[in-house]
Structure formats: C-alpha cells, structure tokens
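As structure tokens, the structure follows; a few thoughts come after it.
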Amino acid sequence: MRVGILGCGAIANIITNFAMEGKLGVEIKFFYDRDMERAENLASQIDGRVVLDLEDMLEHVDLVIEAASPRAVEEMVPLILKGGKDVIVMSVGGLINPQVREKLQKLAKDNDCRIYAPSGAIVGLDGIKAASIGKIQNITLVTRKPPRSLGINTEEETILYEGKASEAVAKFPLNINVAASVSIAAGQEIDVKIIADPQVDRNMHELKVVGDFGEFRTTTSNLRCSMNPKTSVLAAYSAIKLLNSLNENILVGT
C-alpha cells in the first residue's frame, strides 16, 4: 500500500521515522504541507516526493494520512474522498461537527472509500464503542496538561474550560482531539474539563464511563512529542498501529 501524508509536523515525523526503520507495513511516498520546507525535510529522509498541491498525490496513493489541523479535515479531506482514496484523520476534532461528519461520510460512501480515526492519545475507546451498544448514562473526561502545552503561563492549577466537548474543541482545536474521539465513539457529546497544571509534565486524560454494562475508569499519562508539546507520542503510535493492522489477518478489539 502506498501512502501520502497531509501535514508534516510532529505526528508525521514519528510515522516517517518508523518507516525509515522498516517498522511500517506500508510505503510512505508523498508529502504535502503548506510549509514547503517541512514537507521537503521529511521527504528527503525517506526518498519521498513533495507535491505542490494535495490533489497531485491522489492518483499515486491508496491512502492519505491527515495530520494537519481540524480545518484541514473540513477543507481538504473532501478532496481526498472525492479522489476515491481512504483517509486516516488524526485531527479528530474536525469530525465533531455532525454536519461535517455526515458530509464526509456521504462522500466516502459515494466514492467507495473509508475514513479511519485512530484511538489517538487515550485508552478505552474500544470499551466505549462496546458500551454504546447498550445505554451509556454518563461520560466525563478530565484533561490535565502542562500550561505550556495549552499556550499559557501560570504557576497555579487553573481550570480553563468546563462544559461540552464541541465547545472544548472549538476553544482548543489543537489540544483536545481526545474529547472528539470519545464523543464520536460514544455516540453522544461528553462532558469535558480542561486543566492547566504546572505540577504535571505529561498530557493526562482521566475518563469515567457509566452505563448499563457497569462502569470503568481509565487514566492515560502521555509523554509529549519533543517537536510539539501539544502532541502525545501515543497519538502517533495509534496511527502506526492502524496502518499495520490494514495488512493483518487477525484483528483484536472492536
């Protein structure tokens, strides 16, 4: 399988490094970023090709990894789907708007392709998807990050937001993909609290789910990418695992 990358930041760098080490079951070949220098730097590491326009790669790839921004999901993912290509969406916050999600779903159906959203920077999505078959009474997510990764400077624990996931994604589009992933997996908008905490040095997500199945809680404490403190290493790993699973004959998990 030949793969192109849209957005050449921290996640794309980790994926490319795995490809260089022969740990990826696909061929990463094409790169696009509005910052041409970033795309060229990545492409040069793996004998790849930079394209000046996203559509220039579509006839040469089977799948595109979107690792750019929620805005790119709305503006550029439709081009990928219209080209009949599968897409992995890393900026899951771009899917939380039901109208956007329905539009992309229709495009994927009409063009016989698929949209994949990896589990990203949190554990427990398989459990949530299974629980959604029954009735989920309540889901809460507490995201706790170092102030720097949230773009602020404070020496005290500060609650930046408390409310519904869609508004959290709108206020913190590059920091709260997890809230979107959980909401989409659950089939309902979840309650979110975002805390800037100078006492932590990792991106942390505490999830509580209560339903007719019972109850579970998870805590994910993520190491941050050195290139971008807003990005967790686990998010990139989830994309790599998804890519590898496309060639596997035994699939574990929902």
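Note that the structure is predicted; figures quoted are calculated from it, not measured.
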- Message: Could you see if Ile15 belongs to whatever hydrophobic cluster contains Ile80? Use Ile, Leu, Val, Met, Phe, Trp, Tyr and a side-chain cutoff under 4.5 Å.
- Response: no

- Query: Hey, does the side chain of Lys145 reach the backbone of Asn175 with a donor-acceptor pair shorter than 3.5 angstrom?
  - Reply: yes

- Can Val26 and Leu246 be said to form a side-chain contact (heavy atoms from CB on, under 4.5 Å), step by step? CA-CA 9 Å; Val26 299; Leu246 298 178; 5.6 Å; no

- Message: Which residues pass the ring-ring contact (aromatic ring centres under 6.0 Å, His included) test with Phe31, not counting sequence neighbours?
- Response: none

- Message: As a quick check of understanding, evaluate side-chain contact (heavy atoms from CB on, under 4.5 Å) for Ile194 and Ile159, giving each step before the final call.
- Response: CA-CA 6 Å; Ile194 303 173; Ile159 297 175; over 6 Å; no

- Give the ring-plane orientation class for Phe30 versus His60, where under 30° counts as parallel, over 60° as perpendicular and anything between as tilted. parallel

- May I ask you to check whether over 12 heavy atoms, not counting those of Asp212, lie within 6.0 Å of atom CG? yes

- Message: Given 3.5 Å as the limit, does a donor-acceptor pair link the side chain of Ser238 with the main chain of Gly120, or not?
- Response: yes

- Query: Side chain of Glu66, backbone of Val73: donor and acceptor closer than 3.5 Å?
  - Reply: no

- Item | Stepwise salt bridge (charged side-chain N to carboxylate O under 4.0 Å, His left out) check, Lys85 with Glu59 | CA-CA 9 Å; Lys85 307 302 178 180; Glu59 64 181 275; over 6 Å; no

- Query: Looking only at heavy atoms, what is the nearest atom pair of Gln188 and Ile136, with distance?
  - Reply: OE1-O, 3.5 Å

- Arg2: salt bridge (charged side-chain N to carboxylate O under 4.0 Å, His left out) partners, not counting sequence neighbours: Glu27

- Under 4.5 Å between side-chain heavy atoms, hopping through other hydrophobics if needed: is there a path connecting Val142 to Val123? no

- Message: Please check if the number of heavy atoms outside Lys230 that lie under 6.0 Å from its NZ is greater than 12.
- Response: no

- Query: Out of curiosity, does Leu79 fall in the hydrophobic cluster containing Ile65 (side-chain heavy atoms, cut-off under 4.5 Å, transitive links)?
  - Reply: no

- Does atom NZ of Lys29 have more than 12 heavy-atom neighbours from other groups under 6.0 Å away? yes

- Non-hydrogen atoms of Ala168 and Tyr161 that approach each other most closely: CB-CE2, 3.4 Å

- Query: If you round to the nearest 0.5 Å, how far is CZ of Arg71 from OG of Ser69?
  - Reply: 7.5 Å

- Query: Are the side chains of Ile128 and Val182 in touch, meaning some heavy atoms are under 4.5 Å apart?
  - Reply: yes

- Query: Under a 4.5 Å side-chain heavy-atom rule over Ile, Leu, Val, Met, Phe, Trp and Tyr, are Ile14 and Met90 clustered together?
  - Reply: yes

- Interatomic distance, CD1@Ile190 vs CG@Asn138, rounded to 0.5 Å, equals 10.0 Å

- Minimum heavy-atom distance between Leu160 and Phe172, given as atom pair plus value: CB-CZ, 3.8 Å

- Task: Output every pair passing side chain to side chain donor-acceptor pair (under 3.5 Å) with a member in residues 34-49, not counting sequence neighbours, ordered by first then second residue.
- Result: Asp33-Arg38

- Message: Within this structure, what is the OG1-CG distance for the pair Thr218 and Leu207, rounded to the nearest 0.5 Å?
- Response: 4.0 Å

- Verify the neighbour count for atom CD of Glu215: are there more than 12 heavy atoms of other residues, nucleotides or ligands below 6.0 Å? yes

- Phe18 meets the ring-ring contact (aromatic ring centres under 6.0 Å, His included) criterion, sequence neighbours left out, with Tyr237

- Task: Would you give the length of the straight line joining atom OG1 of Thr16 to atom CD1 of Ile46, rounded to the nearest 0.5 angstrom?
- Result: 5.5 Å

- Is the shortest distance from a Lys or Arg side-chain nitrogen in Glu189 or Lys164 to a carboxylate oxygen in the other one below 4.0 Å? no

- Message: Count I, L, V, M, F, W, Y as connected when their side-chain heavy atoms are under 4.5 Å apart, and connections chain through other members. Are Val169 and Ile152 then in the same cluster?
- Response: yes

- Task: Keeping the roles fixed (side chain from Asn222, backbone from Arg224), state whether a donor-acceptor pair exists under 3.5 Å.
- Result: no

- Message: Contact between Cys225 and Val233 at the side-chain level, heavy atoms closer than 4.5 Å - yes or no?
- Response: yes

- Within the distance-only criterion (no hydrogens, no angle test), does the side chain of Thr154 pair as donor or acceptor with the backbone N or O of Glu156 below 3.5 angstrom? yes

Under 3.5 Å, sequence neighbours excluded: what are the donor-acceptor pairs made by side chains of residues 199-206?
residue : atom : partner : partner atom : Å
Asn203  : ND2  : Pro229  : O            : 3.4
Asn203  : ND2  : Ser232  : OG           : 3.2
His205  : ND1  : Thr143  : OG1          : 2.9

- Task: Show your reasoning for whether side-chain contact (heavy atoms from CB on, under 4.5 Å) applies to Leu52 and Met36.
- Result: CA-CA 8 Å; Leu52 299 178; Met36 190 64 64; 3.4 Å; yes

- Message: Any heavy-atom pair between the side chains of Leu42 and Asn13 that's under 4.5 Å?
- Response: yes

- Note on the structure: Value for CD1 (Ile184) from NZ (Lys129), rounded to nearest 0.5 Å, stands at 11.5 Å

- Query: What is the minimum heavy-atom distance between Pro70 and Pro173, and which atoms define it?
  - Reply: CG-O, 3.4 Å

- Task: Answer yes or no: is there a side-chain heavy-atom contact under 4.5 Å between Lys135 and Phe213?
- Result: no

- Task: Would you name the heavy atoms of Val178 and Ala121 that are closest together and state the gap between them?
- Result: CG2-CB, 4.0 Å

- Task: Apply side-chain contact (heavy atoms from CB on, under 4.5 Å) to Ile11 and Thr231, showing your working.
- Result: CA-CA 8 Å; Ile11 287 177; Thr231 300; 3.6 Å; yes

- Task: Report the distance from atom OG of Ser91 to atom CG of Leu174, rounding to the nearest 0.5 Å.
- Result: 7.5 Å

- Message: Any heavy-atom pair between the side chains of Leu107 and Lys82 that's under 4.5 Å?
- Response: yes

- Message: Donor-acceptor check, side chain of Glu21 to backbone of Leu24, threshold 3.5 angstrom: yes or no?
- Response: no

- Task: Could you tell me whether a side-chain N or O of Asp191 sits under 3.5 Å from a main-chain N or O of Thr140, the two making a donor and an acceptor?
- Result: no

N/O donor-acceptor pairs under 3.5 Å from side chains in residues 94-102, not counting sequence neighbours:
residue : atom : partner : partner atom : Å
Asn97   : OD1  : Gln99   : N            : 2.8
Arg101  : NH1  : Leu95   : O            : 2.7
Arg101  : NH1  : Ile96   : O            : 3.2

- Query: Can you check whether Ser245 reaches Leu251 side chain to side chain, under 4.5 Å on heavy atoms?
  - Reply: yes

- Query: Under a 4.0 Å N-O cut-off, is there an ion pair linking Asp197 with Arg144?
  - Reply: yes

- Query: Heavy-atom count around Asp112 CG within 6.0 Å, excluding the residue itself: above 12?
  - Reply: no

- Verify, without hydrogens or angle tests, whether Ser183 (side chain) and Ala180 (backbone) share a donor-acceptor contact under 3.5 angstrom. no

- Query: Which atom pair, heavy atoms only, marks the closest approach of Asn177 to Val92?
  - Reply: OD1-N, 3.1 Å

- Message: Side chains of Val87 and Leu81, heavy atoms from C-beta outward: is any pair under 4.5 Å?
- Response: yes

- Message: Do Ile88 and Pro118 make a side-chain contact, defined as non-hydrogen atoms from C-beta onward lying under 4.5 Å apart?
- Response: yes

